[in-house]
Each structure stands twice: as C-alpha cells, then as structure tokens.
Enquirer: 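Got a structure for you, written out below as structure tokens; questions coming shortly.
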Amino acid sequence: MKKKEKLVRLVMCALFSALIVVMTFTPYLGYISVGPIEITTLHIIAIFGALVLGPKHGAIVGGVWGLTCIVRAIQMGFAPFANPLVSLVPRILVAVVAGLIFTGLTKTKCPKAIALGIATLAGTLTNTILVISALTFFGGFESLLGAAASAIEKIIFTLIGTNGLIELISALVVVPSLYLATEKFFKSKI
C-alpha cells in the first residue's frame, strides 16, 4: 500500500471515529431512547467504516464506538455497560465480522448488493447477540433492574428483540445504499 493510500485510510478512519464520538454524545443521534428501549445508530457507522476501509480500520472505528459506550455508561450510571466485555469487545467484532465477510464475498461471484446485505446483517447481529449474551453472562440485567429482572425476563427479551429488529432494518436500508452511493468517491481516494 502506498504512503498516500495509508494516509487517506488513516484520515478516513479518524473521520468515522469522530463521527462516532459526536453521535454518541449528541442526544437522540447515536442512541435514540423510545420509552424503555434505547436504539443505537452507531453500528451503521462502524459497519460502513469496515466495508469502506476494511476490517482492520473498521476495528479501530468499532473500538472507538466501544470506548465511547463505556464513557457514556459511566456518565449515565449504566454500570453493566462500563464492562469492556459488554461494550468494547462486541463493538470491535461488529466491524471485524462485517469487514471480513464483505471482503470475502467480494472475492467471489456474489453480487455486490448481496455481499453488502450479508455483511451488514452479520455485523448487526454480531452486536445484538454479543451484547445481550455479555449482559446475561455478567448479570447486567440484574444490576440494571434488580430482582425484577428475572420476573420480567420475557418483557426484557421482547424489548431487546424489537430493538434489535429496528437496528437491523435500519442498517440493512442505510449501509448498502450509502455504500453504493459513495463507492466511486471512496474507490478514487483509496
């Protein structure tokens, strides 16, 4: 890779990371609260960054997302999300999974639109499954809701399913569309 290409990738990685930071701390932009549900839009940036820049730089963008999630959790008193295994590791893996799948599929005869959809689906599901699994494993629901967590477990998982479905649909609409609309620009720069 040429020095100019490396510099352009680094600058783009910094821009995606800055966008993550701004969206995290701007109310109703990176996290949209609807009653007890909090829907994130930040997975869209992490996945898009991984598709454009590749899994390595995507992991950096995902790592920034995870770090801002930890900072936000500490500020808002959401103790379970201050755990790096709940917030940081899944967010890095979102970008790595999406980037690797997209890179792998583009080397086959898979149509680009399908590769984008599959990579986006995999990245979004990685986020939902890993975060929920980590919260369950580390007792995050109990620390957030107390003893009521086990009594309202079905409600919690219904809300999470709704949340995950909204995040999945939004990502499947936005990421492939955004990638296809900006592909020529990014390809000319990298």
Side-chain angles (χ1 to χ4, degrees), residues 8-9 12-24 26 28-34 37-69 81 86-135 157 159-190:
V8 169
R9 282 185 185 275
M12 291 168 108
C13 185
L15 288 172
F16 285 128
S17 297
L19 187 57
I20 292 276
V21 172
V22 169
M23 288 178 68
T24 296
T26 302
Y28 299 102
L29 194 55
Y31 295 94
I32 303 166
S33 298
V34 181
I37 301 174
E38 191 168 76
I39 301 164
T40 184
T41 58
L42 297 172
H43 65 297
I44 293 171
I45 305 302
I47 293 168
F48 182 67
L51 300 183
V52 170
L53 301 173
K56 184 173 84 172
H57 288 90
I60 294 168
V61 176
V64 170
W65 175 23
L67 290 173
T68 60
C69 186
F81 286 94
V86 173
S87 294
L88 181 63
V89 174
R91 276 37 189 264
I92 292 170
L93 291 175
V94 165
V96 171
V97 166
L100 287 173
I101 287 174
F102 183 67
T103 301
L105 288 175
T106 55
K107 293 178 181 176
T108 68
K109 293 183 179 184
C110 181
K112 188 169 287 182
I114 300 219
L116 288 165
I118 291 171
T120 301
L121 174 76
T124 305
L125 289 176
T126 299
N127 180 52
T128 302
I129 292 167
L130 290 181
V131 170
I132 299 312
S133 298
L135 280 172
F157 284 106
L159 291 173
I160 290 168
T162 303
N163 178 359
L165 185 60
I166 293 168
E167 290 175 0
L168 179 62
I169 291 169
S170 64
L172 284 171
V173 169
V174 173
V175 174
S177 302
L178 187 58
Y179 185 91
L180 293 171
T182 60
E183 180 180 19
K184 284 184 182 178
F185 171 77
F186 285 117
K187 292 292 181 191
S188 71
K189 302 297 180 194
I190 303 175

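Since this is a predicted model, take the numbers as computed values, not measurements.
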Enquirer: According to the interplanar angle, ranging from 0 to 90°, do the rings of W65 and H43 count as parallel (below 30°), tilted (30 to 60°) or perpendicular (above 60°)?
Expert: tilted
Enquirer: Under 4.5 Å between any side-chain heavy atoms of R9 and K56, yes or no?
Expert: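 No, their side chains stay 4.5 Å or more apart.
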Enquirer: Does some side-chain heavy atom of L130 sit less than 4.5 Å from a side-chain heavy atom of V89?
Expert: no
Enquirer: Taking the side chain as C-beta and beyond, is there a heavy-atom pair between V131 and R91 under 4.5 Å?
Expert: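 Counting from C-beta outward, V131 and R91 do come under 4.5 Å.
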Enquirer: Aromatic rings F16 and F186: how do their planes relate, parallel, tilted or perpendicular, breaks at 30° and 60°?
Expert: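 Ring orientation, 0 to 90° scale: tilted.
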Enquirer: Taking atom OG of S17 and atom CE of M12, what is their separation to the nearest 0.5 Å?
Expert: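 S17 atom OG to M12 atom CE measures 12.5 Å (nearest 0.5 Å).
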Enquirer: Determine yes or no for a side-chain-to-main-chain donor-acceptor pair under 3.5 angstrom, with T128 supplying the side chain and L125 the backbone.
Expert: no
Enquirer: Give, for atom CD1 of I45 and atom OG1 of T40, the distance between the pair rounded to the nearest 0.5 Å.
Expert: 9.5 Å
Enquirer: Specify the closest pair of heavy atoms between P55 and T103, including all atoms of both residues, with the distance to one decimal.
Expert: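 Closest approach of P55 to T103: CD-OG1, 4.0 Å.
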Enquirer: Give, for atom CG of L116 and atom CG of L51, the distance between the pair rounded to the nearest 0.5 Å.
Expert: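 Atom-to-atom, L116:CG and L51:CG are 6.0 Å apart.
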Enquirer: State, with a plain yes or no, whether a side-chain heavy atom of V21 is found less than 4.5 Å away from one of V64.
Expert: yes
Enquirer: Side-chain contact, heavy-atom cut-off 4.5 Å: F48 with T182?
Expert: yes
Enquirer: Which atom names give the shortest non-hydrogen contact between T41 and M23, and what distance separates them?
Expert: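 It is OG1-CE, 3.2 Å.
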Enquirer: Is a side-chain donor or acceptor of T24 paired with a backbone partner of C69 at a separation under 3.5 angstrom?
Expert: no
Enquirer: Looking at side-chain heavy atoms only, is the closest gap between C13 and V61 below 4.5 Å?
Expert: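 Yes; the side chains approach each other to less than 4.5 Å.
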Enquirer: CD1 of I92 to OG1 of T126: how many Å apart, nearest 0.5 Å?
Expert: 13.0 Å
Enquirer: Can you check whether L105's main-chain N or O pairs, donor with acceptor, with T108's side chain at less than 3.5 Å?
Expert: yes
Enquirer: Which pair of heavy atoms, one from A171 and one from P176, lies closest together, and at what distance?
Expert: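 In terms of heavy atoms, the two residues are closest at O-CD, 3.4 Å.
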Enquirer: Of all the heavy-atom pairs spanning L88 and G63, show the shortest one and how long it is.
Expert: CD1-O, 3.4 Å
Enquirer: Can you give me the closest heavy-atom contact between A98 and G123, atom names plus distance?
Expert: CB-CA, 4.2 Å
Enquirer: Do you know the tightest heavy-atom contact between I101 and A122?
Expert: CD1-CB, 3.3 Å
Enquirer: Okay, side chain of T120, backbone of L172: is any donor-acceptor separation there less than 3.5 Å?
Expert: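 Here the side-chain-to-backbone pair does not exist.
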Enquirer: Can you tell me how far the CZ atom of F102 sits from the NZ atom of K107, to the nearest 0.5 Å?
Expert: 12.0 Å
Enquirer: Just how far is it from atom CG of L178 to atom CD1 of I47, taken to the nearest 0.5 Å?
Expert: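 The distance works out to 12.0 Å.
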